[in-house]
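Since the structure comes first, as structure tokens, the remarks are kept for the end.
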Protein chains: 2
Amino acid sequence: MNTEPPSISESSAPVAAELAGQAAASSNATPAFSPLYQQIKVLILQSLQSGEWKPSAAIPSEMDLAVRFKVSQGTVRKAIDELASENLLVRRQGKGTFVATHAEHQVQYRFLRLFPDSGDLQGEGPAQRQIIDCKRVRASADIARALAIRQGEAVLQVRRVLSFASVPTILEDLWLPGAPFKGLTADRLRAYQGPMYALFETEFGVRMVRAEEKIRAVLPDVEQCALLHTSAKTPLLSVERIAFTYNDTPMELRRGLYLTDTHYYRNVLN
Amino acid sequence: MNTEPPSISESSAPVAAELAGQAAASSNATPAFSPLYQQIKVLILQSLQSGEWKPSAAIPSEMDLAVRFKVSQGTVRKAIDELASENLLVRRQGKGTFVATHAEHQVQYRFLRLFPDSGDLQGEGPAQRQIIDCKRVRASADIARALAIRQGEAVLQVRRVLSFASVPTILEDLWLPGAPFKGLTADRLRAYQGPMYALFETEFGVRMVRAEEKIRAVLPDVEQCALLHTSAKTPLLSVERIAFTYNDTPMELRRGLYLTDTHYYRNVLN
DNA sequence: TAGTGGTCTAGACCACATA
DNA sequence: ATGTGGTCTAGACCACTAC
């Protein structure tokens, strides 16, 4: 059997039809060996990035992709497996494989780790969201560094308060790069029902894929106190988040203050 | 081909040699269908739990396990893949598959998420560890609940301070169930060099596999202030951790106070 | 040279969803 | 009935490590 050998970088070059080279060196040279399924993964990633497959839409079946990339179904499968484990794709048995989105009810507020002490009404997300401000400013040095742009470039700055059961609990300041989010206004934020990251997807084509947070304990200043209806002596969680889209490109800096008297930040360690 | 059909719950019943039943119902009945590799995973888990394979030791090769469990190598592979992704096993190409441990330098302090602001000397773990106290007490209501034992049962209570560059940064109180940790003393803790979870493995055969943390911002009391050389006005991160061994059995409750003026708690969101 | 994990294929069959 | 993802097998070959 195996009339056509499965060599990775040889003969009819399965993947080359769409992507050149990659590990196109010779056979057993050291510089960069990339298994086939990793190359397929990159190709799928590019289609996601380019918008060929939009959020919540189905991507082609494993068999179709196998034909398209000229590899076996099992190889496509392994590539999709990894993308699914990274929450970029969602598999649904019998239905297909879909582009992940922040808008689905199951995974809404995927990046929000604050939960109420009384576990009853959990994970539903904040009951009220109040946009305080949304303005265009120039990036300071630290904002620019976080967003990987140049100091002084235009960014959008948003401030909002999230409440649980009418109790202000989270005060957030956001900075977004000006170009991709051109046209975002306070009114548009207020009008949209649902998670902000879902709005970013549908209105601006920006999918947040991964985020990193730095957490500290701090005391609020007077302005923050007023917005959160708390005192200057109440310690708060400071949560600084950088959210990334494809290719590890930072697209949002978010500084949050969390009241943790009735809620806690949850983390699981593996 | 395929002289022997790969039916999951039929004929020669591959796995039944070691584990009976599981999904031993009929063919297409609804109650509990478990794929073969999941059953293999359970079997491997049992061998880990029973101590048949000890931390840092190699487990049998995929081929050997395939023969032992009477399944194909690919099925064993998928079971091991999942266990590796859960950090219970570590694969090393060309060498074998090994039981994970907290003692290896790479993954030491796997559960510690505090990092210095200056990323230079990162992830090396605390420079100094000072055992303040280690005593036998009776479990209060909340301690008992966390450890899934009865109120009033014997537990060990440990208090210690971790310092980075001679600066006290973490104050921790630990509670351990009395029975599994019988014989643990302050001197023994002091004598051991290396992570505490490594000591638990080698001296008491308790492997911590997973943990959950609840994080809040708090102000310290006077005693805590003294131990951390800080003031009552300095907010601290309160980190309450429950660590689990196999079968989701809680084996440690830990309450930590982190100074976050020169360090931050890092979390990645996917 | 031998043994281990890692990749890739081809084909069969099962579980699930939909028409 | 059809198509999708999910499981399982068998076999070939590659990459890495050790002896």
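Every chain is numbered from 1 and lettered A, B, ... according to where its sequence line falls, protein lines coming before strand lines.
Looking at every heavy atom in both residues, Pro116(A) comes nearest to Tyr264(A) through O-CE2, 3.5 Å. Closest heavy-atom contact between Ala211(A) and Phe244(A): CA-CD1, 4.3 Å.
Summarising the geometry, the separation between NZ on Lys78(A) and C1' on dG6(D) is reported as 16 Å, rounded to the nearest angstrom. Rounded to a whole Å, the CD1 atom of Ile40(A) is 9 Å from the P atom of dC8(C). Protein atom CZ of Phe98(A) is 12 Å distant from nucleotide atom C1' of dG3(D), rounded to whole Å. In this structure, the CD atom of Gln38(B) is 11 Å from the C1' atom of dT7(D), given to the nearest Å. What separates CG of Asp64(B) from C1' of dA2(C) is a distance of 14 Å, to the nearest Å. Lys70(A) places its NZ atom 14 Å from the P atom of dA10(C), with the value rounded to the nearest Å. One can place CD of Gln73(A) at 11 Å from P of dA10(C), the figure rounded to the nearest angstrom. Between the P atom of dT9(C) and the CE atom of Met63(A) lies a distance of 12 Å, rounded to the nearest Å.
Tyr192(B) is linked by a ring pair (Phe, Tyr, Trp, His ring centres under 6.0 Å) to nothing, counting only residues two or more places apart in sequence or in another chain. Taking Glu172(B) as the reference, Arg160(B), Arg254(B) meet the salt bridge (charged side-chain N to carboxylate O under 4.0 Å, His left out) condition, with sequence neighbours excluded. With sequence neighbours excluded, the residues that form a side chain to side chain contact (heavy atoms under 4.5 Å, CB included) with Ala146(A) are Ile242(A), Leu253(A). Among residues two or more places apart in sequence or in another chain, the salt bridge (charged side-chain N to carboxylate O under 4.0 Å, His left out) test is passed with Arg92(A) by none. Partners of Asp248(B) by side chain to side chain contact (heavy atoms under 4.5 Å, CB included), not counting sequence neighbours, listed by chain and number: Arg210(B). Pro177(B) is linked by a side chain to side chain contact (heavy atoms under 4.5 Å, CB included) to Leu147(B), Pro180(B), Phe181(B), Met251(B), counting only residues two or more places apart in sequence or in another chain. Qualifying salt bridge (charged side-chain N to carboxylate O under 4.0 Å, His left out) partners for Arg145(B), counting only residues two or more places apart in sequence or in other chains: none.
Taking the C1' atoms of five terminal pairs at each end of the helix from dT1(C)-dA18(D) to dT18(C)-dA1(D), the two resulting helix axes are inclined by 10°, rounded to 10°.
Across dT7(D), dA10(D), dT7(C), the shortest atom-to-atom separation from the side chain of Pro35(A) is found for dT7(C). The listed nucleotides are dG5(D), dC8(D), dT9(C); the one nearest the side chain of Tyr37(B) is dC8(D). Nearest to the side-chain atoms of Lys95(A) among the listed nucleotides dT7(D), dT18(C), dT17(D) stands dT18(C). Listed nucleotides: dA10(C), dG5(C), dG6(D). Nearest to the side chain of Arg77(A): dG6(D).
For the pair Ser61(B) and dG3(C), the criterion of a side-chain N or O lying under 4.0 Å from OP1 or OP2 is not met. Distances shorter than 4.0 Å separate none of the side-chain N or O atoms of Ser72(A) from OP1 or OP2 on dC8(C).
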Ignoring hydrogens and angles, write down the donor-acceptor pairs under 3.5 Å from the side chains of residues 71-85 of chain B, residues two or more places apart or on other chains.
{"unit_1": "Ser72(B)", "atom_1": "OG", "unit_2": "Gly74(B)", "atom_2": "N", "d": "3.4"}
{"unit_1": "Ser72(B)", "atom_1": "OG", "unit_2": "Thr75(B)", "atom_2": "N", "d": "3.4"}
{"unit_1": "Ser72(B)", "atom_1": "OG", "unit_2": "Thr75(B)", "atom_2": "OG1", "d": "3.3"}
{"unit_1": "Gln73(B)", "atom_1": "NE2", "unit_2": "Glu62(B)", "atom_2": "OE1", "d": "2.8"}
{"unit_1": "Arg77(B)", "atom_1": "NH1", "unit_2": "Glu62(B)", "atom_2": "OE1", "d": "3.2"}
{"unit_1": "Arg77(B)", "atom_1": "NH1", "unit_2": "Glu62(B)", "atom_2": "OE2", "d": "2.6"}
{"unit_1": "Asp81(B)", "atom_1": "OD1", "unit_2": "Arg91(B)", "atom_2": "NH1", "d": "2.5"}
{"unit_1": "Glu82(B)", "atom_1": "OE1", "unit_2": "Lys41(B)", "atom_2": "NZ", "d": "2.8"}
{"unit_1": "Ser85(B)", "atom_1": "OG", "unit_2": "Glu82(B)", "atom_2": "O", "d": "2.8"}

Output a table of donor-acceptor pairs, distance under 3.5 Å, between side-chain atoms of residues 94-104 of chain A and any protein atom two or more places apart or on a different chain; print 'none' if there are none.
{"unit_1": "Thr101(A)", "atom_1": "OG1", "unit_2": "Ala103(A)", "atom_2": "N", "d": "3.0"}
{"unit_1": "Thr101(A)", "atom_1": "OG1", "unit_2": "Glu201(A)", "atom_2": "OE1", "d": "2.6"}
{"unit_1": "His102(A)", "atom_1": "NE2", "unit_2": "Met208(A)", "atom_2": "O", "d": "2.8"}

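Using a 30° and 60° split on the angle between ring planes, His263(B) and Phe164(B) fall in the tilted class, from 30° to 60°.
Annotation: proximity of residues 79-94 of chain B to DNA chain D (heavy atom, distance under 4.0 Å) is found for Gln93(B), Gly94(B), numbered in ascending order. Against DNA chain C, the stretch residues 50-59 of chain B makes no heavy-atom approach under 4.0 Å.
If Val76(A) and Glu62(B) are placed on DNA chain C by their nearest nucleotide, the residue sitting closer to the 5' end is Glu62(B).
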